[in-house]
Colleague: 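Below is the structure I would like to discuss, written out as structure tokens.
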Amino acid sequence: MLNTDLKVYKAKANGRMDGLAPVTSGVLQNVFPHVTSGQRAAGYFDYYKTFWKIADDADGTLLDPEIYTDAPTGSLTDYVLMFIMGQRDRVEDLVGYATGTDSQRKYGSAYLKADVAAIGAATCVVTVKNAAMATGADSIIAVGDIMKITSKATADALVGNEETFEVASFVVAGLDITITRVGTFQYAYAADLVPTPVSPRVSSLIKPGDLAASVTVPVKTSAAGTIDFTTSPLVLDNIGTVDEDWTLTFTDATHFTLSGDSLGVLGTGLVSADYLPNNTDFTKPYFTLALGVWGGVWAAGDTVTFTTHPAASGIGQKRVVPALSASLANNKTTQVLGGEAV
């Protein structure tokens with residue numbers, strides 16, 4: 001698996017991943033659109049849903065992945081947060097969506113305020129941009145969080161110190177948060193008096209669990225037909241598999257049709273041949289159903305249902321622009337997906 005196999009996609013109106021809407025790294029307004037001067041003056045917020053996906057042809061697993069904001073935005077006042085969303089959740093359905101008062105657990109980034117000068121220290125101090133990020137609904141730190149502290153210029157840089165730690169406790173004083181970690185720091189970190197995007201920073205990590213495509217246990221409605229996903233498991237594809245409820249409906253003893261709850265009828269198959277329905281978004285199969293999966297005697301009207309999930313994690317993003325914010329020209333946020341590939 002290569003870093004080019006890590007992809008980000010936008011969501012469809014139904015909340016599921018849109019294979020035709022990739023997010024291209026480094027492109028202006030690739031997730032968040034332009035904020036007008038009037039919106040800056042009045043105050044503004046918006047929400048978007050993205051999917052962070054592994055898309056390798058070898059259909060590997062990304063172990064212990066972490067998704068995080070690597071550094072605060074470049075402006076003095078606005079901020080961007082991340083939160084976990086289910087495969088079919090829509091941001092429009094969040095309680096508080098219309099007023100920006102949602103209660104989702106947030107993850108974000110802040111600059112180091114004071115040096116972590118001595119190896120073996122157990123605390124660090126960060127400064128957030130807005131009080132809501134410290135104690136409000138948009139708070140980015142909680143006891144038990146896993147956080148990353150780094151002095152690297154970019155997430156993939158070789159120069160600089162970096163480590164992760166668990167939050168044991170924290171104390172808030174205005175915009176400053178003093179974090180006490182479990183254990184002690186292994187490296188020193190020198191804070192900048194005037195932070196820049198490459199200054200030492202601390203980020204709370206989303207840990208979604210190993211990323212791989214998955215399928216539920218099939219449910220059949222048949223008097224004499226059998227299906228065995230254990231001996232002949234459904235083969236999933238990290239590129240082509242999507243989040244969908246599938247129904248196979250037999251038209252006679254050997255033929256069936258495939259339909260998805262959101263995609264509709266996709267085609268027909270035979271029990272005497274492998275079945276590979278094509279995901280035209282990627283020219284890859286949604287899944288492969290091997291001929292050996294079938295047993296017994298099937299009849300017209302019999303059904304098999306199962307649900308597939310992609311090798312992707314749904315991530316909500318919230319941007320807040322406080323009233324009277326200065327220009328956001330050239331403003332950006334950098335976000336990261338990483339893990340160990342197998």
Colleague: Side-chain contact test, heavy atoms from C-beta onward, threshold under 4.5 Å: evaluate it for Val91 versus Met85 and give yes or no.
Modeller: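 In short, these two side chains touch, coming nearer than 4.5 Å.
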Colleague: I need the single residue from Val8, Asn3, Ile67, Ile206 that forms a side chain to side chain contact (heavy atoms under 4.5 Å, CB included) with Leu337. Which is it?
Modeller: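 Among Val8, Asn3, Ile67, Ile206, the one that satisfies the side chain to side chain contact (heavy atoms under 4.5 Å, CB included) with Leu337 is Ile67.
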Colleague: Dump the intermediate steps for side chain to side chain contact (heavy atoms under 4.5 Å, CB included) on Gln335 and Thr50, then the final yes or no.
Modeller: CA-CA 12 Å; Gln335 297 168 332; Thr50 51; 6.0 Å; no
Colleague: Does Asp70 reach the side chain of Lys152, with side-chain heavy atoms less than 4.5 Å apart?
Modeller: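 Side-chain contact under 4.5 Å: no.
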Colleague: Working to the nearest 0.5 angstrom, can you tell me the gap between Leu112 CG and Thr150 OG1?
Modeller: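 Those atoms lie 11.0 Å apart.
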Colleague: Where is the tightest heavy-atom contact between Gly120 and Thr184, given as atom of each residue plus distance?
Modeller: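 Looks like O-CG2, 3.1 Å.
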Colleague: So Met133 and Ile177, do their side chains get closer than 4.5 Å, heavy atoms only?
Modeller: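 Ile177 does not reach Met133 side chain to side chain.
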Colleague: Salt bridge or not between Lys113 and Asp176? Use side-chain N to carboxylate O under 4.0 Å.
Modeller: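 The answer is yes: the pair qualifies as a salt bridge.
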Colleague: If the plane angle is over 60° it's perpendicular, under 30° parallel, otherwise tilted; pick one for Tyr47 and Tyr97.
Modeller: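 If you compare the ring of Tyr47 with that of Tyr97, the planes turn out tilted.
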Colleague: Please find the pair of heavy atoms, one from Asp115 and one from Ala191, that lie closest to each other, and give the distance.
Modeller: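 Looks like OD1-N, 2.7 Å.
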Colleague: Dump the intermediate steps for side chain to side chain donor-acceptor pair (under 3.5 Å) on Ser325 and Thr77, then the final yes or no.
Modeller: CA-CA 6 Å; Ser325 288; Thr77 54; 2.8 Å; yes
Colleague: Output, in order, the C-alpha distance, side-chain angles, deciding distance and verdict of side chain to side chain contact (heavy atoms under 4.5 Å, CB included) for Thr251 and Thr268.
Modeller: CA-CA 9 Å; Thr251 55; Thr268 61; over 6 Å; no
Colleague: Quick check for you: to the nearest 0.5 Å, what is the distance between Lys284 atom NZ and Asp59 atom CG?
Modeller: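 It is 8.0 Å, given to the nearest 0.5 Å.
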Colleague: Among Arg201, Glu163, Glu162, find the one that has a side chain to side chain donor-acceptor pair (under 3.5 Å) with Tyr189.
Modeller: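 Only one of Arg201, Glu163, Glu162 forms a side chain to side chain donor-acceptor pair (under 3.5 Å) with Tyr189, namely Glu163.
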Colleague: Under a 4.0 Å N-O cut-off, is there an ion pair linking Asp78 with Arg40?
Modeller: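 Looking at Asp78 and Arg40, the cut-off is not met.
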Colleague: As a quick check of understanding, evaluate side chain to side chain contact (heavy atoms under 4.5 Å, CB included) for Val242 and Tyr286, giving each step before the final call.
Modeller: CA-CA 7 Å; Val242 299; Tyr286 288 110; 3.7 Å; yes
Colleague: Answer yes or no: is there a side-chain heavy-atom contact under 4.5 Å between Leu270 and Tyr275?
Modeller: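 With C-beta onward as the side chain, the pair stays apart.
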Colleague: Would a 4.5 Å heavy-atom cut-off, applied to side chains only, mark Ser75 and Lys129 as touching?
Modeller: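 Counting from C-beta outward, Ser75 and Lys129 do come under 4.5 Å.
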Colleague: Assess whether side chain to side chain contact (heavy atoms under 4.5 Å, CB included) is satisfied between Phe83 and Arg105, documenting all intermediate values.
Modeller: CA-CA 6 Å; Phe83 54 93; Arg105 173 66 228 285; 5.9 Å; no
Colleague: Under 4.0 Å between a Lys/Arg side-chain N and an Asp/Glu carboxylate O for Lys220 and Asp302?
Modeller: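 No.
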Colleague: Tell me, yes or no, whether the heavy-atom count around Lys332 atom NZ, taken from other residues, nucleotides or ligands under 6.0 Å, exceeds 12.
Modeller: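 Check fails, neighbour count at 12 or below.
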Colleague: Parallel, tilted or perpendicular: which fits the ring planes of Trp294 and Phe256, with parallel below 30° and perpendicular above 60°?
Modeller: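 Correct class here is tilted.
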Colleague: Within a strict 4.5 Å, meaning less than it, do heavy atoms of the Ile54 and Leu6 side chains meet?
Modeller: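 Of all side-chain heavy-atom pairs linking Leu6 with Ile54, at least one is under 4.5 Å.
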Colleague: Are Asp261 and Arg16 ion-paired here, with the side-chain N under 4.0 Å from a carboxylate O?
Modeller: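 Answer for the salt bridge query: yes.
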Colleague: With hydrophobic residues grouped by side-chain heavy-atom distances under 4.5 Å, do Leu289 and Val265 end up in a single group?
Modeller: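 Hydrophobic grouping puts Leu289 apart from Val265.
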Colleague: Under a 4.0 Å N-O cut-off, is there an ion pair linking Asp93 with Arg88?
Modeller: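 Salt bridge between Asp93 and Arg88, a charged N being under 4.0 Å from a carboxylate O: no.
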Colleague: Please determine if Asp46 and Arg319 form a salt bridge, counting it only when a charged side-chain N lies under 4.0 Å from a carboxylate O.
Modeller: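 A salt bridge links Asp46 with Arg319.
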Colleague: Please work out whether the ring planes of Phe306 and Trp246 are parallel, tilted or perpendicular, with thresholds of 30° and 60°.
Modeller: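 Aromatic pair Phe306/Trp246 classed tilted.
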Colleague: Is any side-chain heavy atom of Asn130 closer than 4.5 Å to a side-chain heavy atom of Asp138?
Modeller: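 They are not in contact (no side-chain heavy atoms under 4.5 Å apart), so the answer is no.
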Colleague: Out of curiosity, Ile146 CD1 to Phe165 CZ, how far, rounded to the nearest 0.5 Å?
Modeller: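 Reported to 0.5 Å precision, the distance equals 9.0 Å.
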Colleague: Starting at OH of Tyr48, measure out to CG of Asn30 and round the result to the nearest 0.5 Å.
Modeller: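 Tyr48 atom OH to Asn30 atom CG measures 11.5 Å (nearest 0.5 Å).
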Colleague: So how far is it from His309 NE2 to Gln87 CD, rounded to the nearest 0.5 Å?
Modeller: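 Answer rounded to 0.5 Å: 7.0 Å.
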Colleague: Are Val80 and Ile141 linked, directly or through other ILVMFWY residues, by side chains that come within less than 4.5 angstrom of each other?
Modeller: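 The answer is no; the residues belong to distinct hydrophobic clusters.
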Colleague: Mind checking whether Val167 and Met147 have side chains closer than 4.5 Å, heavy atoms only?
Modeller: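 When only atoms from C-beta onward are counted, Met147 and Val167 do touch, with a gap below 4.5 Å.
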Colleague: Hey, is CG on Leu76 packed in by over 12 heavy atoms from elsewhere, all under 6.0 Å?
Modeller: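 Counting neighbours around CG of Leu76, 12 or fewer heavy atoms of other residues, nucleotides or ligands fall under 6.0 Å, so no.
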Colleague: Is the gap between the ring centers of Tyr68 and Tyr107 under 6.0 Å?
Modeller: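 Here the rings of Tyr107 and Tyr68 have centres that are no less than 6.0 Å from each other.
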